[in-house]
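Within every chain, numbering begins at 1; the chains are lettered A, B, ... in the order of the sequence lines, protein sequences first and strands thereafter.
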Amino acid sequence: MNEEIQQVLKQRFGFSSFKKGQEETITKILTRNNVLSILPTGTGKSLCYQLPSYLLSGVTIVVSPLLSLIEDQVRQLQRTGEKQAVAFGSQLTYQEKQWVLAHIAAYKFIFITPESLFQEEILQRIRQLDVGLFVVDEAHCVSTWGIDFRPDYERLASIIQHLGVKKVLALTATATEVVKEDIRQKLFLGQEIDLVQKTVNRVNIFYHVEKLSTVEEKLSWLQSFCSKYSGPGLIYCNTRRDTEEVSLYLSGNTTLKTAYYHGGLTSMERSAIQQQFLADELDVLIATSAFGMGIDKPNIRYVIHYQLPDSLEAFIQESGRGGRDGLQTLSVVLYMAQDQKVHQYFQKELLKEINDFTHLVPLTQNNDSIVLDHFSELQKKWYDFSKSENHSIENLQEKIKKRVEEKAEKLARMEDYLDTDGCRREKILSYFSETSTVQQEICCDNCHREISDFPIGLMSPDSNKKYSKLEKSKEILKNLF
DNA sequence: CGTATTTATCTTATGATAAATACGGTGCCATAAT
């Protein structure tokens with residue numbers, strides 16, 4: 001190991017050795033320019049940019065999607081004794097922002113959201129700095145939160161060019177082939193990149209799909225499952241209302257302590273519930289996709305999808321929050337054929353919005369007050385986007401149509417997973433273009449049809465012990481019914 | 001498009017059924033009104 005790296009690791013961070021993937025990422029970004037590093041949650045991603053930052057000149061800019069993540073990271077850096085770290089965003093008052101802008105050159109780390117980064121005031125200041133390293137945290141957002149939600153994620157490449165940054169490090173925990181290629185195209189403009197990646201196969205997760213035909217069946221399935229199977233557990237729903245209903249139903253019909261979590265809660269409510277769940281004060285958390293980024297809870301014993309997610313990427317990411325401790329864990333999708341309709345509805349809405357947009361734009365004659373009055377929030381962003389990135393409306397429309405096609409395709413891949421008669425793990429791994437070499441002892445419902453009626457047979461409800469023998473599992477199953 | 005809730009409709013008075021309506025994910029920002 002390079003002695004300089006070793007020294008910084010010891011003195012600054014107090015560690016004497018690296019976790020898997022950290023050293024490789026650090027060495028790569030120090031010797032090369034464009035690095036995408038895919039590391040599982042819990043392997044210390046932040047060290048991967050913090051350490052190199054001290055060996056490189058200039059400031060390190062870290063783009064991160066959520067203010068809560070940004071604040072966590074700054075707090076964590078401050079604990080290591082780093083005082084020259086700042087979070088720049090809407091949580092600051094006007095005076096605080098002015099102060100930061102005036103003293104911008106003093107910082108070693110600037111944490112910022114894409115939206116804030118594109119504000120002229122901060123951009124001007126950053127332009128005058130020597131940016132030694134540009135980090136994109138949770139880089140899968142470049143692919144999953146693009147033009148149809150947070151368009152500024154699509155503008156990062158142009159800002160990197162504009163600032164003349166040499167070294168760019170993209171970090172994420174999950175990246176399928178599709179997402180990796182998207183990051184390469186959108187963030188690195190199709191250039192060659194250096195990839196750091198470990199296997200994504202989650203050997204301790206058992207994959208199960210339960211086909212049901214009514215909501216009542218789903219609820220009673222959940223009731224029966226959750227009262228027999230010890231948690232903590234996580235249930236994902238597609239709507240906010242469902243999270244509240246399922247939570248109410250389970251707390252009414254079982255002895256379990258439940259809570260729900262979605263984007264309609266205040267940030268205080270959200271962080272309170274998150275804290276409770278992390279502290280094992282809840283048995284089951286029922287959430288929309290709002291829950292999860294930056295969460296590192298080791299002992300989630302099952303992740304149930306009350307409805308199918310909109311893509312295999314989302315599914316892998318969400319089910320992957322289970323079993324971080326390496327102990328046996330379950331993934332279940334409760335599937336009704338109608339469930340995909342809500343995703344298709346969102347896709348159609350997006351098409352409608354872009355069509356309206358193309359009709360509205362010629363009427364504005366660059367009069368921004370018309371834009372403000374008649375455009376939706378997303379349409380305003382498209383308006384800004386096409387102006388600043390010099391995109392024609394036709395160009396933008398094309399982009400979004402393509403986006404909707406991609407979304408339809410992703411939904412279809414998710415349905416493939418649910419419909420397959422073959423090994424579900426293999427379906428997942430092939431989506432990462434990985435092939436599983438070893439047939440696993442405990443794999444998925446299709447590999448073990450004989451015990452697939454109810455996957456509870458694979459686990460002991462009372463302990464976190466892993467049963468290595470299938471026979472043992474069958475025995476437990478027999479005793480339960 | 002599907003689901004859940006509200007309103008309309010029958011019509012000698014409560015309540016069933018149909019028809020109409022509302023709603024649906026992820027988060028940044030700024031700014032107006034308290």
Side-chain angles (χ1 to χ4, degrees), chain A residues 63-71 87-94 97 111-123 137-138 140-156 213-216 218-219 236-246 248-249 260-267 270-271 286-295 305-311 313-315 317-318 336-353 368-369 371-373 375-385 403 407-408 410-411:
Chain A
V63 173
S64 183
L66 304 182
L67 290 172
S68 60
L69 294 184
I70 285 177
E71 306 220 290
F88 190 88
S90 64
Q91 79 284 12
L92 300 182
T93 64
Y94 179 79
K97 278 187 189 173
F111 291 84
I112 195 163
T113 60
E115 287 83 0
S116 286
L117 183 59
F118 287 102
Q119 283 173 20
E120 200 45 49
E121 236 184 343
I122 183 94
L123 203 50
D137 197 17
E138 307 288 353
H140 58 278
C141 292
V142 170
S143 169
T144 54
W145 280 1
I147 194 73
D148 56 322
F149 182 51
R150 292 176 67 173
D152 287 336
Y153 258 103
E154 298 238 341
R155 300 171 61 192
L156 289 175
S213 43
T214 64
V215 172
E216 288 71 31
K218 282 188 178 180
L219 287 174
Y236 277 105
C237 298
N238 283 347
T239 68
R240 295 173 177 186
R241 187 156 63 183
D242 283 337
T243 64
E244 300 187 15
E245 272 175 18
V246 171
L248 202 67
Y249 178 88
Y260 59 87
Y261 181 108
H262 58 63
L265 304 177
T266 65
S267 60
R270 289 212 259 177
S271 82
I286 300 102
T288 62
S289 60
F291 182 82
M293 224 179 329
I295 298 294
H305 283 85
Y306 188 69
Q307 293 110 344
L308 79 166
D310 68 355
S311 61
E313 281 93 343
F315 172 69
Q317 207 168 338
E318 289 164 359
M336 297 199 300
Q338 309 89 292
D339 289 345
Q340 74 236 27
K341 296 291 180 189
V342 69
H343 295 129
Q344 287 165 346
Y345 164 83
F346 285 132
Q347 289 166 20
K348 279 183 198 147
E349 281 299 292
L350 195 55
L351 280 181
K352 217 167 52 193
E353 209 166 352
D368 287 349
S369 69
V371 172
L372 291 175
D373 287 349
F375 281 29
S376 72
E377 200 184 349
L378 184 57
Q379 287 172 332
K380 282 176 207 160
K381 286 188 206 170
W382 286 340
Y383 187 76
D384 291 342
F385 181 87
R403 179 79 176 154
K407 285 193 159 203
K410 286 184 181 187
L411 182 59

Practice problem: Find out whether Arg150(A) and Cys141(A) are in side-chain contact, i.e. whether some heavy atom of one side chain is under 4.5 Å from a heavy atom of the other. | Solution: no

Quiz prompt | Whole-Å P distance, dA4(B) and dG25(B) | solution = 14 Å

Quiz prompt | Phosphate OP1/OP2 of dC28(B) contacted by Ser116(A) side-chain N/O (<4.0 Å) | solution = no

Practice problem: Please report, rounded to the nearest Å, how far the C1' atom of dC29(B) is from the CG atom of Leu92(A). | Solution: 13 Å

Exercise. Considering only NZ, NE, NH1 and NH2 on the basic side and carboxylate oxygens on the acidic side, decide whether Lys218(A) and Asp242(A) come within less than 4.0 Å.
Key: no

Quiz prompt | First encountered from the 5' end of DNA chain B, between Gln347(A) and Glu245(A) | solution = Glu245(A)

Quiz item: When the C1' atoms of dT14(B) and dA8(B) are considered, how many whole Å apart are they?
Solution: 16 Å

Quiz item: Nearest-Å distance, OH (Tyr249(A)) to P (dA4(B))?
Solution: 14 Å

Quiz item: From dT26(B), dC28(B), dT3(B), pick the nucleotide closest to the side chain of Met336(A)?
Solution: dT3(B)

Exercise. Report yes if at least one side-chain N or O of Arg241(A) is closer than 4.0 Å to OP1 or OP2 of dT5(B); otherwise report no.
Key: no

Quiz item: Closest nucleotide of DNA chain B for Glu349(A) versus for Pro65(A): which of these residues is on the 5' side?
Solution: Glu349(A)

Quiz prompt | Gln338(A) side chain near dT3(B) phosphate (N/O to OP1/OP2, under 4.0 Å) | solution = yes

Practice problem: Classify the nucleic acid contact of His343(A) as base, sugar-phosphate or nothing, counting any heavy atom under 4.0 Å across all strands shown. | Solution: nothing

Self-check item: Separation of atom CG in Leu378(A) from atom P in dC28(B), rounded to whole Å
Solution: 16 Å

Quiz item: So, is Gln344(A) near the phosphate of dG24(B), with a side-chain N or O under 4.0 Å from OP1 or OP2?
Solution: no

Quiz item: Can you find a pair of side-chain heavy atoms, one from Leu378(A) and one from Leu350(A), that are under 4.5 Å apart?
Solution: yes

Quiz prompt | Paired nucleotide for dT9(B) [Watson-Crick or G-U wobble; both distances under 3.5 Å] | solution = dA16(B)

Exercise. Name the closest nucleotide to the Lys341(A) side chain, picking from dG24(B), dG2(B), dC29(B).
Key: dG2(B)

Practice problem: Identify which nucleotide among dC28(B), dT26(B), dG24(B) has an atom closest to any side-chain atom of Phe149(A), counting heavy atoms from C-beta outward. | Solution: dT26(B)

Quiz item: Closest to the Tyr345(A) side chain: dT26(B), dG24(B), dC28(B)?
Solution: dG24(B)

Quiz item: With centres under 5.5 Å and planes under 30° as the test, does Trp145(A) stack with dT26(B)?
Solution: no

Practice problem: Using Watson-Crick or G-U wobble geometry with both distances below 3.5 Å, tell me the partner of dA30(B), or none. | Solution: none

Quiz item: Has Thr288(A) got a side-chain N or O lying under 4.0 Å from the OP1 or OP2 atom of dT26(B)?
Solution: yes

Quiz item: Quick one: is dA30(B) close enough that its OP1 or OP2 comes under 4.0 Å of any side-chain N or O from Lys97(A)?
Solution: yes

Practice problem: Can you establish whether the number of heavy atoms outside Tyr236(A) located under 6.0 Å from its atom OH is more than 12? | Solution: yes

Quiz item: Looking for any heavy atom pair under 4.0 Å, which part of the strands does Asp310(A) touch: base, sugar-phosphate only, or nothing?
Solution: base

Quiz prompt | Selection from dA30(B), dT26(B), dG24(B) that lies nearest to any side-chain heavy atom of His262(A) | solution = dT26(B)

Quiz item: Under 4.5 Å between any side-chain heavy atoms of Gln347(A) and Leu411(A), yes or no?
Solution: yes

Quiz prompt | Pairing of Arg241(A) and Glu244(A) as salt bridge, 4.0 angstrom limit | solution = no

Quiz item: Looking at dC28(B), dG25(B), dC1(B), which one has an atom nearest to any side-chain atom of Arg240(A)?
Solution: dG25(B)

Quiz item: Separation of Leu219(A) atom CG from dA4(B) atom C1', in whole Å?
Solution: 14 Å

Quiz item: How far does the C1' atom of dG15(B) sit from the matching atom of dT11(B), given to the nearest Å?
Solution: 12 Å

Quiz item: How long is the line joining CG of Asp152(A) and P of dA30(B), in whole Å?
Solution: 12 Å

Practice problem: Using atom CD of Gln307(A) as one end and atom C1' of dC1(B) as the other, report the distance to the nearest whole Å. | Solution: 14 Å

Quiz item: To the nearest Å, how far apart are Lys218(A) NZ and dA4(B) P?
Solution: 11 Å

Quiz item: Starting at CE of Met293(A) and ending at C1' of dC28(B), how long is that distance when rounded to a whole Å?
Solution: 12 Å

Self-check item: Any Thr144(A) side-chain N or O less than 4.0 Å from OP1/OP2 of dT26(B)
Solution: no

Quiz item: Would you find a donor on one side and an acceptor on the other, under 3.5 Å apart, between the side chain of Asp137(A) and the backbone of Pro65(A)?
Solution: no

Quiz item: Would you say Phe346(A) stacks on dG25(B), if stacking means ring centres under 5.5 Å apart and planes within less than 30 degrees?
Solution: yes

